[in-house]
Each structure stands twice: as structure tokens, then as C-alpha cells.
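Not measured: the values here are computed from a predicted model. Just so we're on the same page: letters track the sequence lines, and every chain starts at 1.
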Amino acid sequence: MAITGIKGMNDILPAEIAVWQYLEASARRVFGCYGFNEIRVPVVEKTELFKRSIGETTDIVEKEMYTFADRNDHSLTLRPEGTAPVMRSLIQHKLFNRDPLTKLYYMGPMFRYERPQKGRYRQFHQIGAEVVGADDPRIDAQVLVMLCQYFAEVGITDVSLQLNSLGCKECRPAYREALISYLASRTDALCEDCQRRFQTNPLRVIDCKAVGCNSATADAPAMIDHLCGHCDNHFHAVRRTLDDLEVDYEINPRMVRGLDYYTKTTFEMVTNNLGAQNAVAAGGRYDGLIQELGGPALPGIGFAMGVERLALLKGEDSQLVEKPALFIAALGEGAQRVAFILMTRLQRRGVRVEMDYAGRSLKAQIKRADKLGAAHTLIIGETELAAGAGVLRDMTSGDQEPLALSAAEDLLVQRLVCSRIALDGALTTRL
RNA sequence: GUGAGUGUAGCUCAGUUGGCAGAGCCCCGGAUUGUGGUUCCGGUUGUCGUGGGUUCGAGCCCCAUCACUCACCCCA
């Protein structure tokens, strides 16, 4: 019996890696423009970190974490999300002392023990960004603009940005009480889950998708109508800035977050094209988190995107697959020897080159060149070898021209590097 | 944790009332000397998820088990 992988933890095979690399490279490029720098933190942290940040009573902490004891009986957890580890690192290394405004991004695997389904896996990947040190509403807007630009640049268009405010520790408790008393008057209409949780986590009830709950809470009080003066001003300033920047968004007063640390501005990028899952990216402000984790009272805001979900939306794009610039088709032992040396020299100089090693017919070799998507094929047979000139075939047009073997290396480097720049140009304009 | 569905070639899937294990794609070779994409011809590929049971005979019927998928839930 062969050993298989673990449920919900997937291999990303060469055929699908092009999209992943594209999504990651695009994030680096776009986030870089906004002044973000990458940070890499471990995949494992002390369990306490997630309990303190995400919240003891959240589903993630209660039943979804991969928690285990190491050989010294310390409780460790595979990170279920990225913000808490990044904040831990920021506090530990006092990054806020080097720069009052810290902008970080990260990408990597996260782990949650859930039943896998479409767009939801036990090991999944996030690309996230965090800004620490500013509570200016323009920062909220900037983060949202950056998020929207990312989606535009990677060509994922069928999404919408949902915006809400969850208030702060000044105004949320009062709202919570108002919501509980509203819900208490109509518990009969709520689904089983909501009847249980309306006391512990009433905000979750207005986010419930059960039809009963949905209609029962239709005119429930909304957080955005109960914001304190400060939060209300902040929310309006964020909206005004987004309007100035012509960013499309919808206010969704029922949107709630699954992690306890969120305050004020919260948002989700949602889609209808992911089956039961509709969030591709989500985030918000977390003004109390850093202090809660033992750091200074610094405000923060950030988001995370699900890479598997982005990849599902993006789909397979053959244009993203790396193709050889050249295939060398050699016939006969002497030609194969020359071809292998030439191929290696070109590879050393940065050209993607392929050849055949099985001594196949010219027809079979050209067929393979076509299949690999090579832009050109250099044919070297006995006659070419004797004449000292190969035949360079343009695989798109079918045009062929002689190419002196003595000068082939330099000519091909020059030519194929040029075509590579043209290809990059095409990719850039396509965005 | 709950529910439903599906397991047959590398991939997508047929398989009749229980009677020799199939197709398409992929891969390999060929269609007058050494030229790809279209077409035509030929070929390779199997623990029918696994273990039991019924039967002269099981891919098909029965029991168990495992895996996967989707949904609930939750969320990126």
C-alpha cells in the first residue's frame, strides 16, 4: 500500500504552479509599489498566541487548530492565520522603533482542521498584508485600494468589495446589548445554532445564512448605526476617501468577522463563483491587538487572501506556463554531441532550451518541440553538421533560415533574450 | 462534528438481466530518404478503491471498510 498525502493537504503539481507563481509575483509587485516589505515567520507558534489574539471562543480556536505538545510538553500550534504571528514578530523585534509606520506582507501555508470542500482545505495558503502604526482613515482606504488593484492586475474581475464597521471597545458593548435584547424577543424564529449562540456571539446571528435567521433579523439594529462619534467619523472618512479614489464598494452592515480582534473598518472581497465559499479576501482594522499581545498601543489594519481561491477564480491560463525559447533537434551521434554542448551553453546564459535524448526521428522531435511550445527549433543533422550551419525554424510561421553553428550561441542568446523581453512586454500590457 | 454523492487505464468516463475489461484524450510508432499543429492507420497502459459473502461464474448483487467530492457548519 503506497503512502498517500494527508486529507485536505494538497500537492501543487507542476501543471498548476504557473498560476501560483503568477499570483505570488503579482502580489510582490503590487504591494511593493505601496511600500510593503515581505516578512517570513515560522509556521509553528505557541498555542497561547492564537488563543489571545483570535479569541478563546471562536470556532478556529475551539475546534480547528492543529495543536500538539512538543518533546518538552510545550503546547504548539500550526498557524491558522498570519496576522497574529506577524504581530508577535513585530513586537518581539520592536519593528515599530525603526519606522513609525510599518507595512508588511507575507505569504505561506496556514492550517485549520476542517472538513475539506471546494475552496477549503486543511493546509491552505494566504497572501496577506498588514499596516501598523497609523489609525488614519486614509490608511484604511489605501489598503483597500491596493487590494482592489491586485484583483484588477491579476485579472479577477467578478468580485465585489463589501465594507462594514464593527466599532471599537467604546461603542461595541452597547450595540451588543441592543442586539441581544432585539434577538431575545424573537428567538423562536432563529435556527438551532443561533438560539445557542445569540448570547455568546450575537453578531454571528445577523451573519447567519439560514433563511429563518435572515428574515428574523431583517430589521435588527446595525453596528454602523450605533457607532460612537470617533468610529462614525472614521468610517465616513474611509468612505469619502474611497469615493475620491473611485473605488467601488458596497456597505454590508451584516458582515461579521470570525476573529475577535477586529475593530472599526472590516471588509471582504466576495464572489459567487466559488461554490459555498464566497470570500476570496478579508480583513479589517485591529486597533487593540498589538497591546493585547503585550506590545505598545499601536493601531493596525490588514487583510489576507486565499491563494487556492484566487487560483480557482483565475483558472488554468496556458499563457502563464513557461515555454522553451528553443528546441534543438539533432540527428545522428555527432550532431547530438554538438547540440548538447550548444544547449548547455545557452542554458548557462539564461535561455530556456530543450532537446531530445532518445535518438528519435526528426518528425518526433519537432512534434515534441511543438508540444512544449518552443518558439524556435534548431535542426542539426548530418548535412548541417558537415556544412557547419543548422536550420532555425520559427515554429509559429514555419519559416526556416540557415544559422552558422560557429556563431549560433551568441546569435541565439541575442535573439531569444529579445523575444523574451517582447513576451514580458505582452504580459505587462495585457494586465 | 452532521448529511448526500462518487470510486473502472496517466486523465475524463461508458459498461445492458451476473457471462472474455471498453471508448475518447494522453503517450509511442507509422502514412516513399529529414520537418510539428489537421487527418488516417497501428500499438502500450488495469489490484474494476480494499476485505469478506452469495453464485458454476461478480465491475455489476449483499455486508463491512477506506478514500475522494460536494453541502451543512466555519472561513481565506
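Which of B/rG37, B/rG29, B/rG34 sits closest to the side chain of A/Leu331 comes down to B/rG34. Among the nucleotides B/rG3, B/rC75, B/rU35, the one closest to any side-chain atom of A/Lys363 is B/rU35. The A/Lys7 side chain lies nearest to B/rC68 when the options are B/rA76, B/rC68, B/rC28. When the nucleotides B/rG36, B/rC72, B/rC26 are ranked by their closest atom to the side chain of A/Met395, B/rG36 comes out on top. The side chain of A/Arg115 sits closest to B/rG3 out of B/rC26, B/rG3, B/rG34. Nearest nucleotide to the A/Arg112 side chain, out of B/rU35, B/rA76, B/rG29: B/rA76. You'll find that the side chain of A/Arg309 is closest to B/rA76, out of B/rC73, B/rA76, B/rG37.
Following rounding to the nearest Å, A/Tyr113 (OH) and B/rA76 (C1') show an atom-to-atom distance of 20 Å. Regarding A/Lys371, its NZ atom lies at a distance of 5 Å from the P atom of B/rC27, rounded to whole Å. As a whole-Å value, the separation of A/Gln117 CD from B/rA71 P is 5 Å.
Looking at A/Arg368 and A/Asp356, no side-chain N of the basic residue comes within less than 4.0 Å of a carboxylate O on the acidic one, giving no salt bridge. Taking a cutoff of 4.0 Å between a charged side-chain nitrogen and a carboxylate oxygen, A/Glu81 and A/Arg79 do not qualify as a salt bridge. At a threshold of 4.0 Å, the pair A/Arg393-A/Asp399 does not count as salt-bridged, since none of the basic side-chain nitrogens sits closer than that to a carboxylate oxygen.
Base pairing of B/rG7 is made with B/rC66, judged by Watson-Crick or G-U wobble geometry with both donor-acceptor distances under 3.5 Å. Nucleotide B/rC60 forms a pair with no other nucleotide shown, judged by Watson-Crick or G-U wobble geometry with both contacts under 3.5 Å. Searching all strands for a Watson-Crick or G-U wobble partner of B/rU17 with both distances below 3.5 Å returns nothing. Under the Watson-Crick or G-U wobble criterion, with both distances below 3.5 Å, B/rG1 is paired with B/rC72. Both distances falling under 3.5 Å, in either a Watson-Crick or a G-U wobble arrangement, occur for no nucleotide opposite B/rU45.
Side-chain contact of A/His234 with A/Asp135: a donor-acceptor pair under 3.5 Å is absent, judged by distance alone. For the residue pair A/Ser165/A/Thr265, the side-chain donor-acceptor check at 3.5 Å is not satisfied.
Separating the C1' atom of B/rU44 from that of B/rC26 is a span of 12 Å, rounded to the nearest Å. Separating the P atom of B/rC41 from that of B/rA9 is a span of 25 Å, rounded to the nearest Å. Using atom P as the reference point in both B/rG51 and B/rG59, the two lie 13 Å apart (nearest Å). On the P atoms, B/rG49 is 8 Å away from B/rC60, given to the nearest whole Å. As rounded to the nearest Å, B/rC13 and B/rG52 have C1' atoms that lie 29 Å from one another. When the P atom is compared between B/rU16 and B/rU32, the two are found 43 Å apart, to the nearest whole Å.
Scanning atom types as modelled, no donor and acceptor separated by under 3.5 angstrom connect the side chain of A/Arg368 and the base of B/rG36. Within 3.5 Å, no donor on the side chain of A/Ser361 pairs with an acceptor on the base of B/rG34, nor the reverse. Taking only distance into account, the side chain of A/Gln365 never meets the base of B/rU35 through a donor-acceptor pair shorter than 3.5 Å.
Remark: aromatic rings of A/Tyr105 and A/Phe36 are distant, center separation not under 6.0 Å.
Looking at which nucleotide of RNA chain B each of A/Gly381 and A/Glu114 is closest to, the 5′-most match is held by A/Gly381. Between A/Ile6 and A/Ala374, it is A/Ala374 whose nearest contact on RNA chain B lies nearer the 5' terminus.
Contacts of A/Ala369 with the nucleic acid, taken as non-hydrogen atoms under 4.0 Å apart, are absent. Base contact: A/Thr383 has a heavy atom under 4.0 Å from a base atom. Residue-level contact check: A/Glu268 touches neither bases nor backbone, having no heavy atom under 4.0 Å from any strand.
Distances shorter than 4.0 Å separate some side-chain N or O of A/Arg257 from OP1 or OP2 on B/rA76.
Ring-plane geometry between A/Phe303 and A/Phe31 is classed as perpendicular, the angle between the planes exceeding 60 degrees on a 0 to 90 degree scale with a lower cut at 30.
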